[in-house]
Structures are given as C-alpha cells and as structure tokens.
Amino acid sequence: MAYIHIENAGKTFVENKREFTALENVNLDIEKGEFICLLGPSGCGKSTLLNAIAGFDLVNKGSIEIEGKKVSAPNTKNVTIFQNYGLLPWRTVQKNVELGIENSRLSRKERKDKAYEYLKLVKLEKFAKSFPRQLSGGMKQRVAIARALCVDPDIIFMDEPFGALDAITRMKLQDDILDICRNQKKTIIFVTHDIEEAVYLADRIVVMTPNPGKIKGVIKVPLHHYRDRTSGDFLQVRDKIFELFNMKADDNIEYSI
Ligand SMILES: Nc1ncnc2c1ncn2[C@@H]1O[C@H](COP(=O)(O)OP(=O)(O)O)[C@@H](O)[C@H]1O
Ligand SMILES: [Mg+2]
C-alpha cells in the first residue's frame with residue numbers, strides 16, 4: 001500500500017445547522033519522498049485536506065492512512081509550515097529553530113549545534129542572534145523552514161507558505177525549498193493556488209475544484225528537478241492544468257504528459 005493512502009475521504013462542516021461539504025470522495029495515494037502540490041482556487045478544500053492528512057481536523061467520511069495506520073491525531077514526526085511563519089517574537093532566530101528539539105534527548109550544546117547547522121542550510125547563520133522583527137518576510141519563512149527541518153520530520157506540510165511574499169522573494173524561496181528538500185528526501189505536501197508555483201515545485205500536482213471540494217485530476221510533472229519557467233515543456237504542463245480547470249467532467253483523471 002502507498003505511504004499515504006486516502007480513500008473516499010470526505011469532510012462536512014455543520015454551521016448553523018447547515019451542512020457544508022468541504023471535501024467529497026477524495027482518493028489519492030502518495031509515495032514516500034514525493035513532492036505533492038494541492039492546487040486549486042480559494043475554498044476548494046486544500047487546507048481541509050492538508051489538515052486532515054496532518055491529523056489536525058479529521059475527515060468524517062472514508063479514511064486517511066499513513067504507513068498503514070489511520071490518521072487520528074497530529075504526529076510529532078511531521079511538521080507544518082504556515083503562511084504567517086509562526087515564529088515566537090521574543091526568541092532569537094537561533095532559539096526559534098531550537099524550539100522543535102527542546103524536548104529531545106539532545107544536550108543543550110547538541111541542540112544548539114544542530115539548530116545552527118540548519119540555520120546555515122537556509123543561509124541565515126549570520127542572523128542567529130537576531131529577533132524575528134529584524135528579518136524580512138522571506139528570511140522569517142527560511143527560519144520556519146530551518147525549524148521544521150531541524151526535527152528531521154518524515155512529512156512536511158506547507159499551507160501556502162510563500163503566499164505573503166513578493167514575487168521575487170517567492171521565486172528565491174521556491175529554489176531554496178527545492179534544493180533543501182530534494183537533498184533531504186522529505187515527503188512534502190504543499191498547498192498553493194498558484195499554477196506556476198505548482199509546476200515549478202511538484203512531482204505531482206493534485207488539481208482541486210470547489211463546491212464541493214474534489215480532486216479534478218492528478219498531473220505528473222515530467223520535468224527535471226531544476227525547471228525553466230519559460231521552457232515549452234513547462235508551459236505545456238501549465239496549459240494542461242488550465243484545461244483541467246475548464247473541464248466539466250467529474251471524473252478523476254491521472255494525467256502523464
Ligand atoms: N471549520 C470550518 N467550519 C465551516 N466551514 C469551513 C471550516 N473550514 C473550512 N470551511 C469551508 O470549507 C471550504 C474549504 O475551505 P479550505 O479548505 O480552507 O479551502 P482552501 O484552503 O482551498 O481555500 C470553504 O468554503 C470554507 O469556508
Ligand atoms: Mg487554505
């Protein structure tokens with residue numbers, strides 16, 4: 001069975017006695033080490049699906065399993081990175097990165113060294129003693145990435161992590177995250193509403209549509225890890241996604257271009 005197995009998953013919220021189906025009949029298998037983008041317009045259930053896989057807010061139909069075990073709560077082996085960085089303003093950059101390993105068996109010095117190593121990885125070692133308020137948005141998000149990697153997670157969940165950044169900083173961080181994550185061979189589930197971002201990053205793109213939130217199709221991106229946004233191949237994948245968003249059919253489609 002796949003590393004992450006999602007079968008007929010559904011999520012209904014009840015508000016003011018009204019039911020709202022945020023996710024319906026979601027079927028998806030994810031292999032270890034894959035970089036998966038959940039792509040779709042606002043409100044199509046991307047965060048709902050991500051939170052369900054991460055165990056924050058469970059599905060109420062079907063099932064989600066990781067390594068054969070039903071997801072029933074968040075697992076400390078996984079980490080989540082959000083759009084708003086989630087740094088503690090009263091802690092230095094170094095101390096923010098140490099956050100996730102404070103309850104580990106490592107000694108104080110080992111913790112410090114390890115955090116520093118990851119700060120180097122995101123090229124922020126010079127800012128170890130700075131406070132978050134002294135950093136730009138892109139730098140803050142790199143601290144959040146260092147903190148996430150420092151716990152050596154199995155799965156990294158990212159919910160529109162670059163959504164608050166300007167276009168140029170975002171492109172730089174996309175390169176950083178690709179470099180880092182390919183080297184570390186993590187499984188990544190990355191939510192975005194940005195088609196180019198998905199084509200640039202993903203091994204496979206899960207295209208979702210709203211009302212109710214569904215998977216419209218899954219697109220395997222047949223490009224090299226280092227991608228050229230202007231190449232014909234890149235544009236071909238992008239066009240395929242536009243096509244999927246414009247299609248009426250309800251079927252699940254597994255595309256390979
Ligand atoms: N806790 C909740 N209670 C009620 N409705 C919710 C809740 N969370 C999400 N929704 C609804 O579910 C739909 C999908 O939301 P979400 O997963 O956040 O979409 P996305 O991340 O794709 O923008 C939205 O219409 C949203 O209003
Ligand atoms: Mg969302």
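The figures here come from the full heavy-atom set of this structure, side chains too, leaving out hydrogens, waters and symmetry mates. Every number for a ligand or one of its atoms is a count from 1 in the order of the listing.
Counting non-hydrogen atoms of other residues, nucleotides and ligands closer than 6.0 Å to NZ of K61 gives a total of 12 or fewer.
Within the 3.5 Å criterion, the main-chain N or O of D233 finds no donor-acceptor partner in the side chain of R238. E98 places no side-chain N or O within donor-acceptor distance of the main-chain N or O of K95, the cut-off being under 3.5 Å.
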Discussion item. Salt bridge (charged side-chain N to carboxylate O under 4.0 Å, His left out) for K186 and D152? Distances and angles first, verdict last.
Written reply: CA-CA 9 Å; K186 299 293 180 194; D152 195 18; 2.6 Å; yes
Discussion item. Working note: K240 + E243, criterion salt bridge (charged side-chain N to carboxylate O under 4.0 Å, His left out); need CA distance, chi angles, decisive distance, verdict.
Written reply: CA-CA 5 Å; K240 208 82 216 174; E243 213 175 277; 3.6 Å; yes
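A salt bridge links R170 with D194: at least one charged nitrogen is closer than 4.0 Å to a carboxylate oxygen.
Of the protein's heavy atoms, G43 N, 3.5 Å lies nearest to atom 20 (P) of ligand 1. Annotation: atom 6 (C) of ligand 1 to nearest protein heavy atom, F13 CD1, 3.3 Å. The protein heavy atom nearest to atom 11 (C) of ligand 1 is F20 CE2, 3.7 Å. Counting protein heavy atoms only, atom 18 (O) of ligand 1 is closest to S47 CB, 3.7 Å.
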Mind listing the side-chain donor-acceptor pairs of residues 33-53 below 3.5 Å, one per line with the distance, residues two or more places apart or on another chain?
residue, atom, partner, partner atom, Å
E34, OE1, E31, N, 2.8
E34, OE1, R204, NH2, 2.9
E34, OE2, R204, NE, 2.7
E34, OE2, R204, NH2, 3.4
K46, NZ, G40, O, 2.9
K46, NZ, P41, O, 3.0
S47, OG, D159, OD1, 3.4
S47, OG, D159, OD2, 2.7
N51, ND2, S47, O, 3.2

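Just one of I177, V221, T192, D175 meets the side chain to side chain contact (heavy atoms under 4.5 Å, CB included) condition when paired with L201; it is I177. When each of N75, I155, I6 is checked for a side chain to side chain contact (heavy atoms under 4.5 Å, CB included) with I66, only I155 meets the rule.
Where the criterion is an N or O separation shorter than 3.5 Å, residue side chain and backbone included, G45 meets it with respect to ligand 1. For ligand 1, the polar-atom distance check against C44 finds a nitrogen or oxygen pair separated by under 3.5 Å.
The closest approach between any non-hydrogen atom of G40 and ligand 1 is not below 4.0 Å.
Distance screen at 4.0 Å: atom 27 (O) of ligand 1 has no protein heavy-atom neighbour inside the cut-off.
Less than 4.0 angstrom separates some heavy atom of S42 from each of these atoms of ligand 1: 23 (O). Each of the following atoms of ligand 1 lies closer than 4.0 Å to a heavy atom of T48: 14 (C), 15 (O), 16 (P), 17 (O).
When E160, K11, E19, K46 are checked for heavy-atom proximity to atom 22 (O) of ligand 1, K46 turns out nearest.
For the atom pair CG of N8 and CD of E24, the computed distance is 10.5 Å after rounding to the nearest 0.5 Å.
A side-chain donor from one of Q174 and R229 sits under 3.5 Å from a side-chain acceptor of the other.
Near-neighbour remark for the Mg ion (ligand 2): protein N, O or S atoms under 2.8 Å are S47 OG; waters not counted.
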